[in-house]
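In what follows, a structure is listed as structure tokens, so that the remarks can point back to it.
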Amino acid sequence: DIDQVQKQLEHVAQAIEQTRNHFSASGDKIKQKRHLLDEAMLTVRRWQQKRDALVSRRDTMQELQDDYDGFFHGVREVLKAAGKPGGLTGVHGAVAELIKVDEKLETAVETALGSALQHVVMDDEASSRQAIAYLKRKQLGRATFLPLDVIRKRYVEANALAKASEKDGFVGVAVDLVQFEAVYANVMANLLGQVLIATNLECANRIAAACGYRYRVVTLDGDIVHAGGSMTGGSLRKKSTSLLGRQRKLEQLDEEIAHSEKHLQDLATKTEGLKNELDALGNEAEQLRQLGEHKGLEQYELRARVERLESDIAEIDLRLESAAADVREAKANREQIAQRQLEITQQLEQLREQESALEMQIERAEARRKARES
């Protein structure tokens, strides 16, 4: 049935159109995902470069720390000897290694400590004497040692502290603003227990005056009001990384590296997801392409079938037309035959009438003959 085939052809055409639209939409999605993947890969490369730069900085700084760069020669040699088998014993480390300070307080604390940042904390006087003997024997320079068993606390008197805390710009006592292990409490109180921190020099002058100029007051910028009232200040030489801030910077770099690694991991997950989506879209596009080819072949076959059916219908129409002509001719012949039959019937009737008349004439003639014979 050509109507049924035509409907199938229409359905196939609709299916091809839908497949074409889906294929086009899939292509757009593939372009979009590829663009996102390219951007993600570019971001990955940037973060890798950033991570590598951070690692390089961290490793360089770690090498400097491991080599005790920036320490006095004698201090560096003592710290190195403490880390060797059979080396010095009782060495805890330099003061700079044993405290942690907030970044905003680094300048003030580093100024307050000065060279004491490089004083070496020791177990006791005996280990300190041993270290000094080592430096003398090796001719490696000098160092200052802080034996834990003899160092005593120093502190600001409560009355003076109360007066200082009432002044604007008072930050606190330096020893209370740094972090260290409990075992070093006496050492840190000895070094920083009588140092007050102020926000600026004007506030430091007021605080020093309130305490009778008996204690050092250091500002966040590194200016100092000494005990007795003398002042030290000005610009500080810019350091790339101070001894006090080196460990903090290392920890910051480790955190930044960890953050970069986490971000790279997230990006790797994202790129892997985009690659999977691209693979899925590629498979979908291939399936749509194959479906389109299949439907196209089906459409071609149906069109060929329609053409064959139309050709058959045209041939049948010709045959029907020929048959109709034959029917018309047969009908005309039948009418002619009927007319001829009518004419023949009429002639036959006439002949019968003539036959009857002749028979009557023959009978009369026969009667006359018999009469004549009689």
Side-chain angles (χ1 to χ4, degrees), residues 75 92-125 128 144-237 239 242-249 251:
V75 176
H92 287 254
V95 171
E97 298 178 293
L98 303 178
I99 62 174
K100 289 185 178 181
V101 186
D102 288 341
E103 185 176 1
K104 66 178 181 179
L105 295 171
E106 279 181 5
T107 301
V109 174
E110 189 169 5
T111 302
L113 287 170
S115 61
L117 276 171
Q118 301 198 37
H119 290 357
V120 182
V121 178
M122 307 292 289
D123 272 343
D124 48 35
E125 288 180 308
S128 300
T144 299
F145 299 92
L146 304 173
L148 288 174
D149 62 337
V150 298
I151 296 295
R152 294 294 176 259
K153 292 182 179 180
R154 291 193 294 178
Y155 53 89
V156 177
E157 293 181 358
N159 185 40
L161 182 59
K163 291 180 180 179
S165 62
E166 294 175 354
K167 299 300 180 181
D168 292 336
F170 176 74
V171 178
V173 181
V175 71
D176 297 331
L177 302 176
V178 298
Q179 300 172 14
F180 48 82
E181 294 182 16
V183 68
Y184 306 123
N186 285 355
V187 169
M188 300 309 169
N190 180 272
L191 298 175
L192 298 171
Q194 291 185 334
V195 178
L196 304 177
I197 306 296
T199 55
N200 55 55
L201 187 56
E202 185 177 353
C203 294
N205 288 137
R206 295 196 190 99
I207 292 169
C211 296
Y213 295 100
R214 288 181 293 166
Y215 307 105
R216 258 192 312 160
V217 185
V218 182
T219 70
L220 296 178
D221 292 333
D223 298 325
I224 307 172
V225 178
H226 297 279
S230 62
M231 299 166 61
T232 299
S235 62
L236 294 172
R237 183 166 60 90
K239 298 180 181 180
S242 65
L243 293 177
L244 200 57
R246 182 181 292 169
Q247 184 59 39
R248 174 187 57 79
K249 190 62 178 176
E251 292 174 357

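Throughout, residue positions are numbered sequentially from 1 according to the sequence presented.
Here CD of E106 is found 11.0 Å from CG of L243. Values are rounded to the nearest 0.5 Å. Summarising the geometry, atom CG belonging to L105 is positioned 12.5 Å from atom CD belonging to E110; distances are rounded to the nearest 0.5 Å. Of the inter-residue distances, the one linking H119 atom NE2 with F145 atom CZ reads 10.5 Å to the nearest 0.5 angstrom. Here the CG atom belonging to D223 is positioned 5.0 Å from the CG atom belonging to L201, to the nearest 0.5 angstrom. One distance of note links CG of D102 with CD of Q179; it measures 6.5 Å at 0.5 Å rounding. Rounded to the nearest 0.5 angstrom, N186 CG and L191 CG are separated by 11.0 Å.
Under the side-chain contact (heavy atoms from CB on, under 4.5 Å) test applied with L192, the options L113, D176, V95 reduce to a single match, L113. Tested against Q194 for a side-chain contact (heavy atoms from CB on, under 4.5 Å), the candidates R154, K153, R216 yield a single pass: R154.
In this structure the side chain of D221 never reaches within 4.5 angstrom of the side chain of N200, judged on heavy atoms. Side-chain atoms of L220 and I197, non-hydrogen and from C-beta on, do get closer than 4.5 Å to each other. Residues D149 and E125 are in side-chain contact: their nearest non-hydrogen atoms beyond the backbone lie under 4.5 Å apart. A 4.5 Å side-chain heavy-atom check between L148 and V187 finds at least one atom pair inside the cut-off. Between V121 and E97, the closest side-chain pair of non-hydrogen atoms is not below 4.5 Å.
Of all heavy-atom pairs spanning N190 and R152, the tightest one is ND2-O, 2.9 Å. Between M122 and H92, the closest heavy-atom pair is C-CD2, 3.8 Å. Considering every non-hydrogen atom in both L196 and A164, the closest pair reads CD1-CB, 4.1 Å. Nearest approach of G193 to V173, heavy atoms of both residues: O-CG1, 3.5 Å. Shown here for S128 and P147, the closest heavy-atom pair between the two residues is OG-CG, 3.5 Å. Across all non-hydrogen atoms, the minimal contact from A204 to V217 is CB-CG1, 3.5 Å.
When the side-chain hydrogen bond (donor to acceptor under 3.5 Å, both in side chains) test is applied to T144, no partner is found at least two apart in sequence or on another chain. Listed by chain and number, the residues in a side-chain hydrogen bond (donor to acceptor under 3.5 Å, both in side chains) with D124 are S127 (sequence neighbours excluded).
For CG of D168, the number of neighbouring non-hydrogen atoms (other residues, nucleotides, ligands) closer than 6.0 Å is 12 at most. Residue-environment remark: OH (Y155) stays at or below the threshold of 12 foreign heavy atoms within 6.0 Å.
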*Please lay out, stage by stage, how V218 and V195 fare under the test side-chain contact (heavy atoms from CB on, under 4.5 Å).*
CA-CA 7 Å; V218 182; V195 178; 3.8 Å; yes
_Please determine whether side-chain contact (heavy atoms from CB on, under 4.5 Å) holds for the pair F180 and L98, giving the CA-CA distance in whole Å, both sets of side-chain angles, and the decisive distance to 0.1 Å._
CA-CA 6 Å; F180 48 82; L98 303 178; 5.8 Å; no
*Evaluate the criterion side-chain contact (heavy atoms from CB on, under 4.5 Å) for residue pair L244 and I99; output intermediate values, then yes/no.*
CA-CA 8 Å; L244 200 57; I99 62 174; 3.5 Å; yes
Please list every donor-acceptor pair under 3.5 Å in which a side-chain atom of residues 205-214 meets a protein atom from a residue at least two apart or in another chain.
residue, atom, partner, partner atom, Å
R206, NH2, E202, OE2, 2.6
R214, NE, C211, O, 3.1
R214, NH1, E157, OE1, 3.2

